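Just so you know, these numbers use all the heavy atoms, side chains as well, and skip hydrogens, waters and symmetry mates. Counting begins at 1 with the first residue of the sequence. Predicted model only: the values in this text are computed from it and were never measured.
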Amino acid sequence: MRHVVVNTSRQAITIETEGVLVSFVHASCFQVTRRRLWQQLSSVDNNTPCLVMGDFNCVLRNDEKKGGCEPRTSVINDFSDWMDDNDLFEVDFLGSKFTWANGQSGVRRILCKMDRAIINEVCLNKFENLRCKVLPREVSDHSSLIGFPFSNPRPKRAPFRVQKMWFSHPDFMRMVIESWNAQVSGSPAFIFPYKLKRLKAAMKE
């Protein structure tokens with residue numbers, strides 16, 4: 001099996017193997033420095049299978065951190081924008097929700113999900129049953145990740161993601177308003193998720 005190094009930096013190394021770009025990440029703990037990582041990893045052709053995995057040193061959602069101060073919104077937005085701009089999404093994972101611990105206990109204990117595997121739709125189509133397992137922390141304060149094929153097949157589709165270009169369409173807001181205001185009967189607990197599901201279908205169409 002032939003591996004070709006595509007690019008390297010202090011935060012990531014990307015190799016090409018059998019037509020797949022694989023990036024191994026050890027991101028900086030500084031937000032400004034991480035922005036150079038997002039730039040480095042934003043030059044992938046959408047027609048090329050892409051897998052990015054490792055320690056991103058930041059969370060993607062507020063609930064991915066337990067203890068300590070709240071995650072900064074700008075940090076989450078930088079991470080999320082990079083994924084959205086490059087049509088990337090996280091691999092389904094098994095195991096612990098948190099992949100890093102600060103080694104403290106009690107009120108000083110902090111848990112975060114800093115490690116993950118991220119792919120594009122082309123990679124999902126090539127490895128349709130790919131999963132990522134979070135292994136128990138042993139020597140390091142980070143969990144190891146291992147990718148593996150899952151035995152049960154799933155539909156060949158990528159998760160629904162809002163595309164930024166939709167907002168620039170002249171009929172976008174009209175479509176949203178018409179979909180949301182269309183009559184539906186039921187309890188509030190039924191109406192809200194039903195409207196979201198209906199709106200998603202309208203946006204995809």
Side-chain angles (χ1 to χ4, degrees), residues 1-65 70-93 97-102 110 112-128 130-135 137 140-148 158-168:
M1 186 180 298
R2 188 177 68 93
H3 308 299
V4 177
V5 176
V6 177
N7 62 53
T8 63
S9 72
R10 294 177 64 88
Q11 299 184 81
I13 178 170
T14 299
I15 65 170
E16 184 274 326
T17 177
E18 297 190 344
V20 180
L21 288 177
V22 183
S23 298
F24 301 98
V25 172
H26 185 191
S28 169
C29 58
F30 299 107
Q31 182 181 3
V32 173
T33 307
R34 272 199 307 274
R35 286 172 178 163
R36 294 200 290 268
L37 173 65
W38 307 141
Q39 293 174 354
Q40 176 189 350
L41 298 175
S42 292
S43 57
V44 177
D45 180 356
N46 285 339
N47 295 319
T48 303
C50 175
L51 165 65
V52 185
M53 67 185 303
D55 172 15
F56 289 86
N57 231 319
C58 57
V59 299
L60 190 56
R61 290 171 287 274
N62 285 328
D63 64 358
E64 293 181 349
K65 183 177 183 182
E70 288 290 320
R72 292 170 59 185
T73 302
S74 60
V75 171
I76 293 176
N77 288 344
D78 281 352
F79 196 177
S80 178
D81 287 348
W82 166 70
M83 292 181 62
D84 287 343
D85 291 344
N86 292 276
D87 296 323
L88 300 169
F89 48 89
E90 188 172 0
V91 172
D92 291 343
F93 72 96
K97 176 179 179 179
F98 303 108
T99 66
W100 175 85
N102 67 345
I110 300 175
C112 292
K113 182 178 181 180
M114 293 187 177
D115 310 84
R116 65 188 80 224
I118 294 171
I119 60 175
N120 60 6
E121 184 174 358
V122 185
C123 192
L124 177 69
N125 293 334
K126 185 176 181 67
F127 307 104
E128 61 181 270
L130 182 65
R131 297 291 190 276
C132 184
K133 185 172 179 62
V134 179
L135 302 180
R137 290 185 299 275
S140 172
D141 54 356
H142 286 264
S143 298
S144 298
L145 304 180
I146 182 170
F148 65 96
F160 174 75
R161 300 188 70 86
V162 174
Q163 303 295 318
K164 289 183 177 180
M165 60 186 175
W166 292 347
F167 299 114
S168 62

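K65 approaches I110 most closely through the heavy-atom pair CE-CG2, 3.9 Å. Here the shortest heavy-atom pairing between I76 and R61 reads CD1-C, 4.1 Å. Closest approach of V75 and R34 over heavy atoms only: CG1-NH2, 3.4 Å. Counting all heavy atoms, side chain and backbone alike, S143 lies closest to F98 at OG-O, 4.2 Å. Residues A27 and F56 approach most closely at CB-O, 3.3 Å, considering heavy atoms. Scanning all heavy atoms of the two residues, the minimum distance from R116 to V59 falls at NH2-CA, 4.1 Å.
The SG atom of C112 sits 9.5 Å away from atom NE2 of H142, with the distance rounded to the nearest 0.5 Å. For the atom pair CZ (F93) and NZ (K133), the distance works out to 11.5 Å, reported to the nearest 0.5 Å. Taken from CE in M114 to OG1 in T99, the straight-line distance is 7.5 Å, to the nearest 0.5 Å. Atom CG of N57 is separated from atom CH2 of W100 by 8.5 Å, given to the nearest 0.5 angstrom. Rounding to the nearest 0.5 Å gives a distance of 4.5 Å between CG of L124 and CZ of F89. Within the model, atoms CG of N62 and OG1 of T73 stand 6.5 Å from one another, a figure rounded to the nearest 0.5 Å.
No donor-acceptor distance shorter than 3.5 angstrom exists from the side chain of T17 to the backbone of V20, with no hydrogens or angles considered. Side chain of K97 to backbone of D63: a donor-acceptor contact under 3.5 angstrom is found. Looking at D87, its side chain never comes within 3.5 Å of a backbone N or O of N120 through a donor-acceptor pair. For Q11 (side chain) and S28 (main-chain N/O), a donor-acceptor pair under 3.5 Å exists by modelled atom type.
Taking a cutoff of 4.0 Å between a charged side-chain nitrogen and a carboxylate oxygen, K126 and E18 do not qualify as a salt bridge.
Proximity of F127 to L51: side-chain heavy atoms (C-beta onward) are nowhere separated by under 4.5 Å. Side-chain contact check for M83 versus L60: some heavy-atom pair is nearer than 4.5 Å. Side-chain contact between N7 and T14: present, with at least one pair of heavy atoms (C-beta onward) separated by less than 4.5 Å.
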* Give the intermediate values and the outcome of side-chain contact (heavy atoms from CB on, under 4.5 Å) for residues I15 and V4. => CA-CA 5 Å; I15 65 170; V4 177; over 6 Å; no
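For the side chain to side chain contact (heavy atoms under 4.5 Å, CB included) with V25, the lone residue among L37, D115, I13, I118 that qualifies is L37.
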